[in-house]
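When reading the values below, keep in mind they use all heavy atoms of this one structure, side chains included, and skip hydrogens, waters and symmetry mates. Given the structure is predicted, the values throughout are model-derived calculations rather than measurements. Order of appearance sets the numbers: ligands from 1, and atoms from 1 within every ligand.
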Amino acid sequence: MKPILICDDVYIISVNDRRKHLFENMWPLPYGVAYNCYMIDDEKTALLDTVELGSTNNFMSYIDNILKGRQLDYLIINHMEPDHSGEIQNIITKYPNVKIAGNRQTFKILQSYFNYTENLIEVTDGYELNLGRHNLKFVTTPMVHWPESMMTYDTENQILFSQDAFGSFGTLDGKIFDDEADFCESEMRRYYSNIVGKHSPMVQKAFDKLQNFKIKIICPVHGIVWRKNPAEVLEYYRKWSNYESKAGVLILFASMYGNTEQIADHIARKIVENDVKNVRVYDVSKTHVSYLMSEAWQYGTIVLGSCSYNGEMHPMMEIFCREMEHYKLKNRNLALFGTGSWSGGGLRNLQKFAENIGWEQIAEPVEIKGMPDNNKLAEFDIFAKSISDYCKK
Ligand code: FEO
C-alpha cells in the first residue's frame with residue numbers, strides 16, 4: 001500500500017472498516033468506521049497507535065512500505081482500546097527491540113492485554129521524546145475516554161495526535177483531510193455523545209492543558225485529519241463538552257399502539273403553531289438510542305412521553321433515560337407526558353428520571369388514560385404552549 005503523507009515524514013495509515021455493524025458491539029455503523037494510526041519516519045522511527053486486529057489483512061505491509069527495511073524504534077501508545085491496540089502483538093513480534101512509550105495506566109492495560117512489560121518508556125505530562133527533526137511532547141488526558149488516554153504533540157510541525165478525541169464515525173473513502181471531505185457534523189456529534197460525552201468534564205480539563213499549544217494539524221484515530229481548519233473541530237468539542245445546545249425541541253415518545261405517538265404529533269404541531277419551528281419527533285422503539293443521544297446533545301429542550309408498561313415506562317424509553325443518567329448530560333429543559341389504560345406508570349417513572357437527572361421541567365406534566373380524543377388532546381395545548389413560550393424567551 002502506498003503511504004499517505006501528512007507532512008514532513010509523517011504518514012497516516014488508515015483502514016476503512018465497512019464490515020462491522022456495531023461499534024463496541026453497541027453503536028450502529030451505517031457508514032462504517034475508519035481506524036487511523038500514524039508513522040514518523042525520522043532519524044528514529046515511531047508508530048503512533050495501531051488499528052483493530054482483523055480490520056485489514058496487510059497492516060504490517062503498510063509499516064514495511066514506510067520503513068523500507070529500517071527498524072521501528074518507538075511504538076507510542078496514546079490509547080489502549082482494542083480498536084487501536086489490536087496490532088500491538090504483531091508489532092512486538094516483528095520488532096522485538098521496539099521501545100514502547102506510554103504512561104503508567106497504559107502499561108497496566110498493556111500487561112493485562114499482552115502480558116508485555118519490556119522496553120517501556122514511562123511518560124508523564126511534558127515528557128519529550130526527540131526523533132531527530134521531530135520532537136514529541138506528551139499530554140495525558142485521563143478519561144478522554146479511558147484512564148490511560150493521552151495525546152502526543154509534534155512540536156516541530158505543531159501536529160496533535162489526539163487519539164479518540166476529535167474523531168468520528170464513518171469511513172474515509174479516499175478523503176483523508178478536512179479540505180477533501182464533506183464533513184458530517186452529525187456523525188461526529190454521534191461519536192462524541194456515544195463515546196466521549198460521558199467524560200465531558202475531562203474533555204474540558206484536556207482543553208485546559210492544550211490552551212497554550214499552537215495546533216496546525218489534528219490527527220485523530222477515527223475520521224478525517226484536520227489540516228485546513230482545526231479550529232472548527234476544536235470549537236465543536238468546546239461546545240459539546242460544555243453541554244451547549246441550540247434552540248429547538250426534541251420530542252421522544254414510546255408508543256405501543258399509536259396513542260402516545262398521536263399525542264407527540266399533536267404537541268409538535270402546537271409548538272410549531274406557537275412559532276418554534278425547530279422541532280424533531282422520534283419513536284424510541286424505531287430509532288437507536290445512539291442517534292437519540294446525539295440529538296439530545298444538540299437540542300436545548302427535550303420532551304419525553306411514554307405509555308405505561310408493567311407499571312413502568314416503556315422499556316425502550318427506559319434505555320434512553322438510563323443512558324442519559326449515565327452520561328450526565330446537563331443544561332437541558334424537560335417536559336413530560338404519559339399514557340396508560342389503568343394504573344399508569346409511564347409518567348410516574350419519567351418523573352423519577354427527571355429527579356435523578358436534574359433537568360428543569362418547563363411544563364406541568366400531563367397523563368391521560370385510554371385513547372386521545374379531542375378533549376384529551378386539548379389538555380396538551382397548554383403543555384405545548386408552556387414549552388414554546390419557554391423556548392421563545
Ligand atoms: Fe477508538 Fe476508545 O477507541
Side-chain angles (χ1 to χ4, degrees), residues 12-39 47-56 59 62 75-91 100-103 105-110 112-114 138-152 160-172 176 184 187-203 205-206 218-226 233 236-237 240-241 290 293-294 297 323 326-327:
I12 180 173
I13 299 169
S14 183
V15 173
N16 290 310
D17 185 344
R18 301 183 181 90
R19 292 191 173 184
K20 186 180 280 193
H21 287 269
L22 295 172
F23 192 75
E24 298 179 343
N25 217 7
M26 168 146 187
W27 314 109
L29 291 173
Y31 311 111
V33 66
Y35 314 113
N36 305 331
C37 64
Y38 299 91
M39 275 215 64
L47 172 65
L48 294 97
D49 295 304
T50 71
V51 298
E52 177 156 325
L53 189 64
S55 60
T56 172
F59 179 71
Y62 283 97
L75 169 64
I76 293 159
I77 303 176
N78 284 327
H79 186 24
M80 274 300 297
E81 193 165 1
D83 51 335
H84 310 294
S85 65
E87 291 277 358
I88 285 180
Q89 186 60 63
N90 289 331
I91 292 289
I100 300 182
N103 58 64
Q105 299 297 336
T106 316
F107 296 146
K108 284 186 193 168
I109 302 174
L110 183 70
S112 71
Y113 282 10
F114 302 110
F138 300 96
V139 183
T140 60
T141 54
M143 298 319 296
V144 181
H145 63 127
W146 275 30
E148 88 301 356
S149 297
M150 68 177 197
M151 299 185 189
T152 302
L160 183 68
F161 298 96
S162 63
Q163 52 103 14
D164 275 339
F166 315 117
S168 177
F169 292 131
T171 50
L172 297 190
I176 303 292
C184 182
E187 279 298 274
M188 183 179 239
R189 177 169 24 86
R190 190 164 70 88
Y191 181 87
Y192 181 85
S193 62
N194 294 181
I195 309 299
V196 184
K198 175 178 166 60
H199 307 287
S200 290
M202 302 310 286
V203 174
K205 287 194 173 156
I218 295 179
C219 294
V221 289
H222 301 288
I224 51 175
V225 170
W226 294 79
V233 70
Y236 279 121
Y237 260 59
W240 293 332
S241 61
S290 168
M293 291 166 67
S294 183
W297 228 276
E323 291 304 317
H326 286 173
Y327 280 66

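For Tyr192 and Tyr237, the ring centers are positioned less than 6.0 Å apart.
If you look at atom 2 (Fe) of ligand 1, the protein N, O or S atoms less than 2.8 Å from it are His79 NE2, Glu81 OE1, His145 NE2, Asp164 OD2.
Looking only at atom types and distance, the side chain of Tyr35 has no donor-acceptor partner in the side chain of Asp49 under 3.5 Å away. Asn78 and Thr152 share a side-chain donor-acceptor pair at under 3.5 Å.
The aromatic rings of His79 and His84 are tilted relative to each other, their planes meeting at an angle between 30° and 60°. Using bins of under 30°, 30° to 60° and over 60° for the plane-to-plane angle, the ring pair Phe59/Tyr62 lands in the tilted bin.
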Could you list the donor-acceptor pairs under 3.5 angstrom formed between side-chain atoms of residues 21-28 and any protein atom two or more places apart in sequence or on another chain?
residue, atom, partner, partner atom, Å
Glu24, OE1, Trp27, NE1, 3.3

